[in-house]
Structures are given as C-alpha cells and as structure tokens.
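Keep in mind that what you see is a predicted model, and the values were worked out from it rather than measured. Only heavy atoms go into these numbers, but all of them, side chains included; no hydrogens, no water, no symmetry mates.
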Amino acid sequence: MILISWNIDSLNAALTGTSARAEETRQVLDKIHDANPDIIAIQETKLRATGPTKKHQTVLAEKFPEYDYVWRSSEEPARKGYAGTMYLYKKELTPKASYPTIGVPDTMDAEGRIITLDFDKFFVTQVYTPNSGSGLKRLADRQVWDEKYTEYLHKLDQEKPVLASGDYNCAHTEIDLKHPENNHHSAGFTDEERADFTNLLNAGFTDTFRKVHGDITDVYSWWAQRVRTAKANNSGWRIDYWLVSNRIADKVVRSEMMDTGKRADHCPILLEINL
C-alpha cells in the first residue's frame, strides 16, 4: 500500500483559487495523484461545516476520479472555515469512517481534527494537532489534547494495528528542525510537547521516517511561508509524521517527503507498507 498525508493549508484555495500559490498547490496535488496512492490524508482543509461545495466536488472528481472521499469540518461552536480533515481512498476500498471526539478542552473536538478509517485488519487515522499558539497561550490545552490523543491511539492499537499520520505540530528531537537552539520556547518545540510526543511513541508506535532513515539530518516537512528564504535555505521543521504500531513497523518499505519545489509550508509525506 502507498499512503500520502499532507497539510494542504486550504483545500478550498487549492481547488478554486487563482493565485500563483494556488497553482503551485494544484501541481502538488497532481504529483500526489501520479504517485497512485491507495489513500490520501489531507489536513487543514478549511472547508465550511457543510463540506465540499459543488465546485469542490467537481474539481475533486476531475482530479481524483478513482477515489471516494470523506471529510470532517470545523463546526460550531468552533471557528468557521478552520482546521478540518479529509480522506480520499481508492473506490475499491470500503473502509468504515469514524469521526471521534476525545474529550479535549475548548472547541478542539469541534474543529474537525481527526478521521479514522476502519479496515478489516488495520486502522488508518489522521490528525491535525492543535498548535500551542503565539505566546504558548494554548499549550496547557494542547497538553491535554496530547494525553487524550495518545489514549485514543492506544485504544485503537489494542484492537488492531494502526497507521497514523498528520500534522503533529511537534518537532520531536533537535535534529527535526534547523535551529533548535533558538526554539526551545517556540510552539512545536517546547519541552512539554516533545515529552508528549515521546509518550505517544512509548505507547506502542514507531516513527517510520526515523526507522527507515535513522538519524539523517536536514530533512524537513515544513518551512515557514512568512520567512521568504526558509525554503531556499532549507530552514525547516519535521512536524508531519507517519506512525505505525510497533508490531507492523518491519513491514514499512518507504517513508519519505515529497518534493514541492519552491512552495513553502508543508510538503506531503509518503508511506509505503506491505500489509
């Protein structure tokens, strides 16, 4: 199986936008389609609570005719057009989709952050982890999220093996970002978030990129858009992951980043696994 996960930073803009960036995003979508994945996980769709519009549906049918899809959007009392997730999967696949709530603070459970696909012998689940925010104002809530999410993933794993992907908004170790020395108090690299990610792995999961590539450096999945030179200088963070249950980690064939050229923000991440 080939699975691809990507924080797209607005599916709406990608499908209907007219800017140069929207065109760059569509080129990445074409590249994802050309890779012929069985499953595509998309985070930060920023769709309405009612989901894809008719225009969105038309473009998805044109670009991904071989795929069915399920989606989850932010809904009241959460902000409109915020966060959100989607799965596209080959039409011959027939998973059962669920949209879990995990008992987290504020509006986090209403922000469309988790979808899980239930297959006969395994789960595929994606997450768009809440950012701790400027000034770390959401860090305490984020730590509750991390605890509840780990409990949720562990519960799935007790039933059958799990393939989990998404934007985890955490660079786990110092080799997962270009400038660790400057970022110990930055959202995504606090001691608290990193410890929580360690706890997640210790609950029975493997970071597939590190399993395949070891302690390779200078490979990232996100580059700040607001810093014009970030992508050119490869000044990035690795905050997007494919995790799998430890007991199927030896079945991983590839775990890698997909090149997005000059386009900053997140790049798609690809997992190939023999299940």
Side-chain angles (χ1 to χ4, degrees), residues 1-48 51-71 73 81-91 112 115 124 126 128 165-169 178 208-209 213 218-242 253-272:
M1 291 184 73
I2 293 176
L3 307 93
I4 293 174
S5 183
W6 188 26
N7 178 323
I8 197 170
D9 184 32
S10 181
L11 183 64
N12 175 51
L15 298 182
T16 63
T18 58
S19 67
R21 178 173 170 77
E23 180 55 38
E24 288 177 345
T25 304
R26 283 192 286 272
Q27 290 174 6
V28 178
L29 283 173
D30 291 342
K31 189 170 187 176
I32 289 173
H33 180 266
D34 291 346
N36 195 31
D38 298 280
I39 298 170
I40 304 164
I42 298 177
Q43 301 92 49
E44 205 170 358
T45 54
K46 297 183 178 178
L47 298 181
R48 299 174 182 173
T53 64
K54 288 185 178 179
K55 175 65 173 176
H56 295 150
Q57 293 172 38
T58 298
V59 179
L60 283 170
E62 291 170 353
K63 285 192 167 295
F64 295 94
E66 315 93 329
Y67 294 81
D68 286 327
Y69 54 87
V70 294
W71 52 269
S73 292
Y82 175 64
T85 45
M86 175 182 281
Y87 270 118
L88 296 94
Y89 51 87
K90 288 286 187 69
K91 288 183 175 179
I115 305 176
V124 178
Q126 69 166 311
Y128 176 32
S165 76
D167 174 0
Y168 282 85
N169 264 316
K178 188 74 167 184
T208 62
F209 181 84
H213 300 282
D218 301 315
V219 181
Y220 308 116
S221 67
W222 177 83
W223 303 261
Q225 287 188 73
R226 66 183 183 275
V227 181
R228 288 196 169 193
T229 58
K231 191 70 186 286
N233 294 338
N234 195 29
S235 182
W237 297 48
R238 190 174 74 97
I239 57 176
D240 303 85
Y241 299 82
W242 272 108
V253 178
R254 286 190 291 158
S255 182
E256 59 198 31
M257 316 305 173
M258 296 181 67
D259 184 20
T260 56
K262 294 180 181 179
R263 185 188 184 278
D265 207 60
H266 296 262
C267 71
I269 56 174
L270 180 149
L271 177 73
E272 183 178 354

Intermediate values then yes/no, side chain to side chain contact (heavy atoms under 4.5 Å, CB included), Arg263 and Thr25 | CA-CA 8 Å; Arg263 185 188 184 278; Thr25 304; 3.0 Å; yes
Go through the steps for Phe209 and Val219 under the test side chain to side chain contact (heavy atoms under 4.5 Å, CB included), then give the verdict.
-> CA-CA 10 Å; Phe209 181 84; Val219 181; 3.5 Å; yes
List the steps and the verdict of side chain to side chain donor-acceptor pair (under 3.5 Å) for Ser73 and Arg48.
-> CA-CA 6 Å; Ser73 292; Arg48 299 174 182 173; over 6 Å; no
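In this structure, His33 and Phe64 have perpendicular ring planes: the angle between them is above 60°, well past the 30° mark. Taking the six-membered ring for Trp and thresholds of 30 and 60 degrees, Tyr220 and Trp223 have ring planes more than 60 degrees apart, a perpendicular arrangement.
Checking side-chain atoms of Lys46 against main-chain N and O of Ile8 turns up no donor-acceptor pair under 3.5 Å. Side-chain atoms of Ser221 come within 3.5 Å of backbone N or O of Ile239 as a donor-acceptor pair. Using a distance-only test at 3.5 Å, with no hydrogens or angles considered, a donor-acceptor pair links the side chain of Arg26 to the main chain of Ala14. Without hydrogens or angle criteria, Glu44 side chain to Asp9 main chain gives no donor-acceptor distance under 3.5 Å. In this structure, the side chain of His213 engages the main chain of Ser255 through a donor-acceptor pair within 3.5 Å. No donor-acceptor pair under 3.5 Å is formed between the side chain of Thr229 and the backbone N or O of Ala232. Remark: the backbone N or O of Ile2 is paired with a side-chain donor or acceptor of Asp38 at under 3.5 angstrom. Panel note: side chain Thr85, backbone Gly112; a donor-acceptor pair is recorded below 3.5 Å. In terms of modelled atom types and a separation under 3.5 Å, the side chain of Lys262 and the main chain of Glu24 share no donor-acceptor contact. The backbone N or O of Ser5 sits nowhere less than 3.5 Å from a side-chain atom of Asp240 that would complete a donor-acceptor pair.
At least one side-chain heavy atom of Lys178 sits under 4.5 Å from a side-chain heavy atom of Asp218. Counting only heavy atoms from C-beta outward, the side chains of Glu66 and Lys91 never approach each other to under 4.5 Å. Inter-residue side-chain proximity for Leu88 and Leu60 is flagged as met; some heavy-atom pair is nearer than 4.5 Å. A 4.5 Å side-chain heavy-atom check between Leu47 and Asn12 finds at least one atom pair inside the cut-off. Residues Lys31 and Pro268 form no side-chain contact, since every pair of their non-hydrogen atoms from C-beta on lies 4.5 Å or further apart. Residues His56 and Leu11 have side chains not in contact (no heavy-atom distance under 4.5 Å, counting atoms from C-beta outward).
Shortest non-hydrogen contact noted between His266 and Trp6 is O-NE1, 3.1 Å. Of all non-hydrogen atoms in Met258 and Cys267, the two that sit nearest each other are O-CB, 3.3 Å. The nearest pair of heavy atoms linking Pro37 to Lys90 is O-CE, 3.5 Å. The shortest non-hydrogen separation linking Ala41 to Tyr87 is CB-CE2, 3.5 Å. Nearest approach of Ala22 to Ala13, heavy atoms of both residues: CB-O, 3.5 Å. When all heavy atoms are compared, the tightest approach of Val70 to Tyr89 is CG1-OH, 4.0 Å.
One distance of note links CG of Leu271 with CG of Leu3; it measures 5.5 Å at 0.5 Å rounding. We find the OH-CD distance between Tyr168 and Gln126 to be 9.5 Å, quoted to the nearest 0.5 Å. If you take CD1 on Ile40 and OH on Tyr67, they are separated by 4.5 Å, rounding to the nearest 0.5 Å. Between Trp222 atom CH2 and Asn169 atom CG the span is 8.5 Å, to the nearest 0.5 Å. Atom NZ of Lys55 sits about 9.0 Å away from atom CG of Leu15, to the nearest 0.5 Å. How far CD1 of Ile42 is from CG of Asp167: 13.5 Å, rounded to the nearest 0.5 Å.
Using a cut-off of 4.0 Å between Lys/Arg side-chain N and Asp/Glu carboxylate O, Lys231 and Asp265 are scored as not salt-bridged.
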